[in-house]
Amino acid sequence: MPTQNFLKRKPLSAVLRLLVAVAALSMSIAHADDYADVSRLMRAGQYAEAMTKVDQYLASKPRDPQMRFFKGVIQTETGKTNEAIATFTKITEDYPELPEPYNNMAVLYAGQSQFDKARAALEMAIRTNPSYATAHENLGDVYARLASQAYSKALQLDGGNAAVPPKLALIRNLFSADAKSQPQASAKPAAGAQASGQVTAAAPAAAPAPAPAAKPAPAPAPAVATPAPTPAPTAAPTPTPAAASAGAEKDVEAAVRSWAKAWSDKDMNGYLGSYGQNFDPPGKQARKAWEEDRRARIVGKSKISVVLSNLSISVQGNKATARFKQDYSADSLNITSRKTLDLAKVGDRWVIVKESTGG
Amino acid sequence: MKKALTALFFMAPCLVPLVPALVPTRAEAATKAVARPAPAPPQRAPRDGEAEARLIEIYKLIGQGTPREALRKAESLTRDHPNFQLAQLVYGDLLASFTRPLRAPGDAPEITASKAAAPALAELRQESLLRLRALRERPAPGTVPSQFLALSPRNKHAIAVDASRSRLYLFENTPIGLKLVADYYISVGKSGIEKSVEGDLRTPVGVYFVTSNLDPKSLRDFYGSGALPINYPNQLDVKRGKTGGGIWLHGTPPTQFSRAPLSTDGCVVLANPDLERIIRTVEVRSTPVVIAHSLKWVAPQSLSADSKSFESALQGWHTAKSSGDITRLTAWYTPDFTSYGKTLAEWTPSLQSELKQLGGRDIQLKDVSYLRWTDSADTMVVTFGELVKGAKTGRTKRQYWIRQGSQWKIFFEGAI
């Protein structure tokens, strides 16, 4: 049942988000073709046609978040920055639980060098969905830029801000899987029935737990404590009963490590080659669009490092799941996150069929 | 939904170990949410010392490992004082710390690499160090700078500058003694202290007094919210042949909240809110300004022995003057005595006519203050009202005394 499936893939989204998703979904069953059409036209760069379709759709369903989101993306792509900002802002007002419109507002603000606004929008996106990787990456870029502005003011340097604004990643599709987390078969689709207030109330209750690991506190010295590099122990070999499966695990681990290495080396062939033919790109992205997105993200960086730790692998026949902590750093950005890769054995190779954050 | 929350739980710690906790933790998000509804405080002029206190709080938050909270405060501080360079520096560091580890305060890679910015960065680090040091190493409670031997009730306030700490201390003279009421970061001359010749870009050291309060409207922006000139060169400086002038306590230009520790042409420069408090507080002519390389803080009681020995010298001069005996009186003056350009020989006749006018009547010394200045010489700056016994009014006089062996002698005397 499509509803079930849809919800299963998004167990981590806040209930509010689910409610919207459910609402959108009821329409999307009927209008999935419209979304697909607009999406296809946009990918083909036929923005005028896409916009016509969007406007037609919105004439009867003016609140539809997905179509309004498309509208914002089209306005962005066609250089109508202020209109796009207005569109995304309006979506955030109607659906404050969606991180994507905040992210895109931030992209637009950053393009105008309004980094404080970009930052505020990204922080909203992250507060809405803490595991939203794109927003994290974008926020890292914005922080770096704000830092350099502050340094220029501190040292009274001129022209420090004249540099080209950073190019942040725009999200093209609402409910894209970028923000999604690891699939959990046991997530109850019934969650959508719960009152939205419950999550907002419940969330702070979870607060005391993630107490930051105490950093060395060098009295009131002005020095910002330099974080000790997180120890990244190489994955402890997972004890396995069967020798055969131990061999398979070794192969899976090798596949995962070579994927990380290709990523670090910006070896696009090796990187994209790690993904199987039937890899499910995040969201409703086409494989090609996803590949282009990855290429733009990776090749543009001057230096990337991907370090895996706490790797745990489980193999079941021709399928395997690898869970690990991923320390990603690129240029001036560091992100630590949990990641889950689902792999499948194709011939004698293990390839990635699904990639998700969290887990 | 339970599952989802557990997952959240599970994930958050993974994000925390690196300083770049890009995710506002739920706890912080919650605090923020609570804090937000509070109405923004009404716009008002910043209080003296407030910006520094906020900066120090940010440093403390960093030290306590709460960079997110520190960042929030740094953002608000830089919004209120965009020209506070040190605040911008720590704000930059905090922002950068969320994207990469920092190696030192002011760790702006592309900027530190540039030679042009290196001196400015070094100055900011020095300013930061000095501000912190002055706050960490406080004078012991109840102690006063050793120069303040005796202040009169007319000296309602006093100022002492410790150049080694880039710090100015403001005192109130209360019936029970001097009370430290505030202290501020200050900047002194580009070439440091011990001014001796005009244009040497140094700040003088010694005992001075505020001589006037210049109308800020008459001043260039460069001087900020006002200026209090002091009487450099004083009589000891004149005796030593020092030159130059126009030494003021003044504020900062619009582009800078505070200036580097060594950055002035010889003036003592304060942040505008701090200077404004001083201008509101001090009294022209009677507020002493002691500027020293480093202040020695002592318990007031420990000064009383020194004070007694000088008091008896002053009493000796007083008795001689009341006696009307010119020979006895002139014995209190040094051979190189001057009074506004007159030598002792040129000045003695006017002293003689003054004695004649007195006609054997006693004189009274009122509101006596003496401030001690000791370097290669041991000197005393004495100010008092001199009036004929029974008279209602008299003249305010100032004397500069110097110790020769165990003998105190006067090397300057004049009405002020």
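All of these numbers come straight from a predicted model, not from anything done at the bench. Protein chains get the first letters and strands the later ones, always in sequence-line order, with residue 1 at the start of each.
- There is no contact between B:Glu123 and chain A, counting heavy-atom distances below 4.5 Å.
- A donor-acceptor contact shorter than 3.5 Å is absent between the side chain of A:Gln156 and the backbone of B:Ala120.
- B:Leu124 touches chain A through its side chain: at least one heavy atom from C-beta onward sits under 4.5 Å away, while N, CA, C and O do not.
- Atoms CG and CG, from B:Leu71 and A:Leu146 in turn, are 9.0 Å apart once rounded to the nearest 0.5 Å.
- Contact between A:Lys153 and B:Gln88 at its shortest, heavy atoms only, is CD-NE2, 3.2 Å.
- Of all heavy-atom pairs between A:Ala147 and B:Ala96, the closest is CB-N, 3.8 Å.
- A distance of 6.5 Å separates CG in A:Leu155 from CG in B:Leu89, rounded to the nearest 0.5 Å.
- Annotation: the span from B:Tyr91 atom OH to A:Gln149 atom CD amounts to 8.5 Å, rounded to 0.5 Å.
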